[in-house]
> 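Take this structure, written in structure tokens, and hold onto it; I'll ask about it next.
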Amino acid sequence: MADTAGPVRPAGRPEKVPAAIRPGDTDDFLEGPRLTRISVWGLLLSLALALFIFLYWTAEPSRMTNTTTKFSKDAIERGQQYFALPTNPVTGATNTRGIGCARCHGNDAHGGDVPYTDSQTNTQVQGHAPDLTVVFNKYVLHPQMGYKTPRDYIMATIERGRTNNVLGNGDDMPTWGQLYGGPLTDQQINDIIDWLQTIQRPVSAASS
Ligand code: HEC
């Protein structure tokens, strides 16, 4: 005779039925309260998502404008700091971003004197760095061949440097762009130009 009794379970321990083979909920329950509960939750969450997307969408244009404005403002501020000396000559404050274009062009970029030793006569001479507050308007009036905009030419001058007399005399505009062996990244040079752009004057106002 076949053994149909199965293993004997110790008395007092109820049989545990695995979830997968327990009887399911009745159709009345599934299609009644359960369906209603799921539908209501679905509706509420869809409404919440729709509201979220709507609010995000309405706030997005002003968020983008504000972020762009903030980025430009930060760039100009950094540019001014790069331009200045590492130590403020008046207040003595430390400027950790200071690269010191001001050393030759002056703190306000109005142009400045560059004392140097003439490599041919070996005498002390006074060079001159140009006023950068008119540089944009100057190149609007005198476009440079091969450059689409004054900014392109100014960028190229800062990246490559420029000699005004005898190369290596110490009164040259040094090379700043990393592409040409200088210390500054494109971002830093762009920040400086962004700042220069905010302080431009008509060419007639040039100090030199
Ligand atoms: C060692 C002195 C010196 C330093 C430092 C210096 N420059 Fe110059 N810069 C010059 C001289 C000199 C010229 C003029 C070159 C020439 O004769 O065309 C010049 C020219 C320029 C010009 C072109 C101006 C024009 O009218 O065409 C720009 C722009 C400029 N410098 C920006 C900068 C920036 C930005 C920095 C800092 C990253 C800087 N310079 C640092 C000496 C200097």
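It should be emphasised that the depicted structure is a prediction, and the values quoted were computed from it without experimental measurement. Whatever order the structure lists them in is the order used to number ligands and atoms, beginning at 1. The chain is numbered in sequence order, starting from 1.
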> Would you mind listing which atoms of ligand 1 come within a distance below 4.0 Å of any non-hydrogen atom of His128?
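With His128 as reference, the close atoms of ligand 1 come out as 12 (C).
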> Against ligand 1, does Pro174 come closer than 4.0 Å with any heavy atom?
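Yes.
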> Please check whether Asp172 reaches ligand 1 - meaning an N/O of the residue sits under 3.5 Å from an N/O of the ligand, judged on distance alone.
no
> Going by the atom numbers of ligand 1, which of them fall below 4.0 Å from some non-hydrogen atom of Leu132?
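With Leu132 as reference, the close atoms of ligand 1 come out as 22 (C), 24 (C), 28 (C), 29 (C), 30 (C), 32 (C).
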> Minimum heavy-atom separation for His128 and Asp113, please, with both atom names.
ND1-OD1, 3.1 Å
> Near Lys138, which atoms of ligand 1 are under 4.0 Å from a heavy atom of that residue?
25 (C), 26 (O), 27 (O)
> Show which atoms of ligand 1 fall inside a sub-4.0 Å distance from at least one heavy-atom site of Val135.
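So the atoms of ligand 1 that pass are 24 (C), 25 (C), 26 (O).
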> Do the side chains of Phe83 and Val114 join up, straight or via other hydrophobic residues, at under 4.5 Å, putting them in one cluster?
no
> Once you restrict to heavy atoms under 4.0 Å, what part of Ile193 touches ligand 1? Side chain, backbone, both or neither.
neither
> Hydrophobic clustering (ILVMFWY, side-chain heavy atoms < 4.5 Å, transitive) - are Val134 and Ile193 grouped together?
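The answer is no; the residues belong to distinct hydrophobic clusters.
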> Taking the non-hydrogen atoms of Tyr139, is any one of them nearer than 4.0 angstrom to ligand 1?
yes
> For Tyr116 versus Gln126, what's the shortest heavy-atom pair and its separation?
CE2-C, 4.0 Å
> Looking at non-hydrogen atoms alone, which of Thr175, Thr157, Asp131, Ile99 comes nearest to atom 23 (C) of ligand 1?
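Selected option, by shortest heavy-atom distance: Thr157.
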> Determine whether the side chain, the backbone, both or neither of Leu196 has a heavy atom under 4.0 Å from any heavy atom of ligand 1.
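Neither part.
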> Quick one about Arg151 and Asn190 (side-chain donor to acceptor, distance below 3.5 Å, no hydrogens or angles considered), yes or no?
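Yes, because at least one side-chain N or O of Asn190 sits under 3.5 Å from a partner of the opposite role on Arg151.
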> Could you go through the side-chain contact (heavy atoms from CB on, under 4.5 Å) check for Thr198 and Gln80 one step at a time?
CA-CA 10 Å; Thr198 66; Gln80 180 169 21; over 6 Å; no
> Check each atom of ligand 1 against the heavy atoms of Cys104 and keep those under 4.0 Å away; list them by number with element.
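Counting atoms of ligand 1 from 1, those under 4.0 Å from Cys104 are 1 (C), 2 (C), 3 (C), 4 (C), 5 (C), 42 (C), 43 (C).
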> Is there an N/O/S atom in His105 that lies less than 2.8 Å from atom 8 (Fe) of ligand 1?
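His105 does place an N, O or S atom closer than 2.8 Å to atom 8 (Fe) of ligand 1.
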> At a 4.0 Å threshold, what atoms of ligand 1 neighbour a non-hydrogen atom of Arg103?
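Those of ligand 1 that fall under 4.0 Å from Arg103 are 5 (C).
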> Could you see if Met173 belongs to whatever hydrophobic cluster contains Tyr82? Use Ile, Leu, Val, Met, Phe, Trp, Tyr and a side-chain cutoff under 4.5 Å.
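Same cluster: Met173 reaches Tyr82 through Ile, Leu, Val, Met, Phe, Trp or Tyr contacts under 4.5 Å.
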> Among Pro130, Ala129, Gly161, which one puts a heavy atom closest to atom 13 (C) of ligand 1?
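Among Pro130, Ala129, Gly161, the closest heavy atom to atom 13 (C) of ligand 1 comes from Pro130.
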> Side chains of Thr26 and Asp28 only: does a donor on one sit below 3.5 Å from an acceptor on the other?
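No, no side-chain donor-acceptor contact under 3.5 Å.
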> For residues Val135 and Gln200, report the shortest heavy-atom separation together with the two atoms involved.
N-OE1, 3.2 Å
> If the cut-off is 4.0 Å to any non-hydrogen atom of Ile154, which atoms of ligand 1 fall inside it?
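Listed by number with element, the hits are 29 (C).
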> So Tyr153 and Tyr139, would you call those rings parallel, tilted or perpendicular, with 30° and 60° as cut-offs?
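It falls in the perpendicular class, over 60°.
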